[in-house]
Amino acid sequence: MPELPEVETVKNVLEELTLGKTITNVGILRMQTIEGDTNEFVNKVKGATISSFERIGKFIIFHLSNKNVIISHLRMEGKYFLRNETDKLTKHDLVFFDFSDHTRLVYNDTRRFGRMNSENEENYKEVKPLNNVGPDPFMMKDVSILVKAFKNKSIAIKTALLDQSIMSGLGNIYVDEVLFATKIHPETPAKMISAKQLDEIWKQSKITLQKAINAGGSTIKSYHPKEGISGNFQVSLEVYGKKDSSCVRCGTKLRKIFVNGRGTTYCPKCQKNPGIPALFGVTGPIGAGKSTVSDLIAKHGIVHLDCDEIVHELYKTKELQNRLSKLIPELKITMET
Ligand SMILES: [Zn+2]
């Protein structure tokens with residue numbers, strides 16, 4: 001699945017290839033790819049000139065001269081090809097746009113999960129799907145939205161960071177890279193991450209994504225019409241897909257686990273999970289072994305409170321001894337001896 005840097009690359013290539021072109025015809029070969037009414041989509045798009053491009057999260061926005069926009073999400077395998085309008089269409093071509101210069105932009109998607117819709121320039125950010133997309137790390141001024149959103153969340157930090165409605169832009173690959181760089185265990189409950197750590201996550205997200213965007217820059221130069229604009233490029237990753245490799249920091253074997261169903265690679269030594277503090281009590285009848293358990297807990301350095309010890313200390317105080325002997329006179333003799 002393309003992530004933010006790949007989508008940024010696709011957007012940049014589209015800009016290079018189609019900016020300023022006028023759409024003379026629209027072909028929809030698979031109705032489900034278009035969200036909403038297909039006739040309305042065609043009416044909004046036909047005759048317009050592409051005036052600019054924008055990326056929001058993993059959505060590509062085509063701004064049109066007639067104050068409409070096309071919103072495109074590539075999902076798993078979506079790709080764009082620029083061909084001639086006389087070229088034969090292929091099996092997985094789902095939507096195409098013909099231009100006045102007789103070239104054709106084809107949307108091709110083998111998995112067919114990608115979606116497209118058209119909205120008005122005025123309110124496209126306030127309606128579906130963009131109304132549910134949080135700002136990406138480059139758009140954020142600070143981490144206050146993360147601090148607020150994660151404050152009461154017990155879900156794993158990785159799952160929380162993948163929620164695009166809070167902060168957009170981190171997918172399965174780069175979230176693993178960011179958590180590795182910031183030495184945070186992917187299963188750490190989100191509410192246990194401090195504001196300082198969230199700040200580090202945000203800053204690292206920008207660094208990691210920018211590095212990948214820069215790597216994608218070379219894709220624009222090497223764009224090949226036959227391969228289409230998928231935005232796929234090689235980026236040097238430190239943990240993603242590197243199960244059993246040695247950690248670049250400490251040499252420990254990287255481990256793969258599943259967090260909310262998503263394959264996750266991390267370093268078990270560099271990324272420790274502090275977990276949520278637990279509180280537990282031990283009780284039982286006389287001779288059940290409470291003291292043994294209590295001694296064991298103390299031996300492990302766990303903060304503990306032994307009620308037996310507290311009571312024994314209390315018996316030694318004069319005040320308590322006096323009050324008890326008033327209640328039960330026979331006790332006085334026992335305590336004094
Ligand atoms: Zn390590």
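Only heavy atoms go into these numbers, but all of them, side chains included; no hydrogens, no water, no symmetry mates. For ligands, and for the atoms within them, numbers begin at 1 and follow the listed sequence.
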Please check if any side-chain donor atom of [X] sits under 3.5 Å from a side-chain acceptor atom of [Y], or the reverse.
{"X": "Q210", "Y": "N214", "result": "yes"}
{"X": "N12", "Y": "T9", "result": "no"}
{"X": "S154", "Y": "K191", "result": "yes"}
{"X": "T86", "Y": "N84", "result": "no"}

Report summary line: Protein N/O/S atoms closer than 2.8 Å to the Zn ion (ligand 1), ordered by chain and number, come to C247 SG, C250 SG, C267 SG, C270 SG
Query raised in the report: Between R83 and D93, is the closest basic N to carboxylate O distance under 4.0 Å?
Result: yes
**Report entry** Cation-pi check, R30 onto Y107 ring (under 6.0 Å, within 45° of axis)
**Finding:** no
